[in-house]
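Structure, as structure tokens:
None of these values were measured; they are calculated from a predicted model. Each ligand, and each atom within it, is numbered from 1 in the order the structure gives.
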Amino acid sequence: MDKNGKNLDDLQDLNRSSIIRHLAMHEGCSRVELAKTTGLKQASITKIMRALVENGVVAETGFTEGLKGRRSIGLSLNYSKYLVVGVKIAWERLSAGVFDLRGRVIGDIFSCSVDHLNLANAGEAVRRVADAIGKFRRRHPNLAAVGVAVPGPFHREEGSVYITREGSGDRVYFPLLEQIRARVPLPVVMDHDANAGALGYWWFRTNCDTGMALLYLLASEGIGGGVVSRGRIFTGQRGHSSEMGHMVVEFGGRKCVCGGRGCLDAYASSIAVEGQAAKLLAEHPGSALSGTRRLGIGEIFAAMRRGDGLARDLVRDAGVNMGRGFASLIPIFDPDLVVIGDLMAGGGDVLLEGIDDALGRFLSPFYKKPRIVLADPGDDLVLLGSAAIAIDHVYNHPTELLMPDAEAGRAAARPQEGTTRK
Ligand SMILES: [Zn+2]
């Protein structure tokens, strides 16, 4: 049951959280500006800032030109006093890194390949992730939280991932979050990889406009999606929302891995494009793709860049199908920014041309076409996003995770268990 009531401690934490969030997006702002934007009284701001500065969470960074030309003291978050760990669990690879609160990588990234994640090897994957975090902790004792991005289907409330039993098509939910928490003595939070990517892009690749609605399409071997609205991930009731890969773009169309037909995943994922290439190659003996040993998406993009007609058509078609999907998604989510990330972002201008063509034909003129951009295909937004969900958690619980002295005082003032239960 959701408990909506707030004790005085919770309110203090909430106010600290909104100040920290504003500072994270407006470096160098003054106490007067904070009072204006948060709606807190100047005296409250002064009191909260004193605690934040004393605990080293915020630093005073010299004078800034304030309101009415008055000079005031600029404030900035101390982005490296505490660090977070971001973990990306993909079907065939585990990666992890330490990040500061600006999303910058500190030190080396841990990365290893695994056999396709299934019930038999999931425990081993958990052990490897926990060992990597243990090594990070020895080098960085100031870790505040761990964020983990996982592939879907993901049950957000239970923190479990739907994986196969080895050697069979059966799928079961594996309690990944619970297992990692049992081995890692830090707060651990988990989200779907596409949600993490969306939040990572919003936090670290835009100017963090809280009024912005961002729609992120994680277009890789499969397709996922995430929506960030008012700086938060849109989760739906149980966290199953934004599964954009399984939106139907062609009724009764190609069979999809989910068991359905006509899903976007079956038309615009890298595996779908590779499948189409293999199918159409016999009809295009002159294509540069005929000579390639491996018909992977990298080879298809390379042939497209060299002007190969078949490769260009395949990528453009993938774009047209994404555009068909967006023609449905734009009226639902009303985004101002659509970001296409991961492997398929390598389709570049040809992919965008296909999207534009479809939107011109299928999107009602009533709706404003959002800005559509491709993320840098080399930018691991899901790993960055795993750090972003950890940072988001830290910003939601500043007293506990950034102010250990204040938290110790708060814990001492709480009634002892046992006395409250009697
Ligand atoms: Zn599907």
Electrostatic pair R371:D336 at N-O distance under 4.0 angstrom: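 Result for this pair is no, no salt bridge flagged.
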
Partner residues of R181 under the side chain to side chain donor-acceptor pair (under 3.5 Å) criterion, sequence neighbours left out: none

side-chain contact (heavy atoms from CB on, under 4.5 Å) with R102: which residues, sequence neighbours excluded?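 side-chain contact (heavy atoms from CB on, under 4.5 Å) check on R102 returns E27, Y79, D100, R104.
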
Parallel, tilted or perpendicular: rings of H22 and H26 (30°, 60°):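 The arrangement is parallel - the two ring planes meet at less than 30°.
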
How long is the span from the CZ atom in F154 to the OG atom in S160, to the nearest 0.5 Å?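 One finds 7.0 Å between CZ of F154 and OG of S160.
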
Could you tell me which residues satisfy salt bridge (Lys or Arg N to Asp or Glu O under 4.0 Å) with D392, sequence neighbours excluded, listed by chain and number?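 Here the qualifying residues are R21.
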
Ignoring water, what protein N, O or S atoms are under 2.8 Å from the Zn ion (ligand 1)? H246 ND1, C256 SG, C258 SG, C263 SG

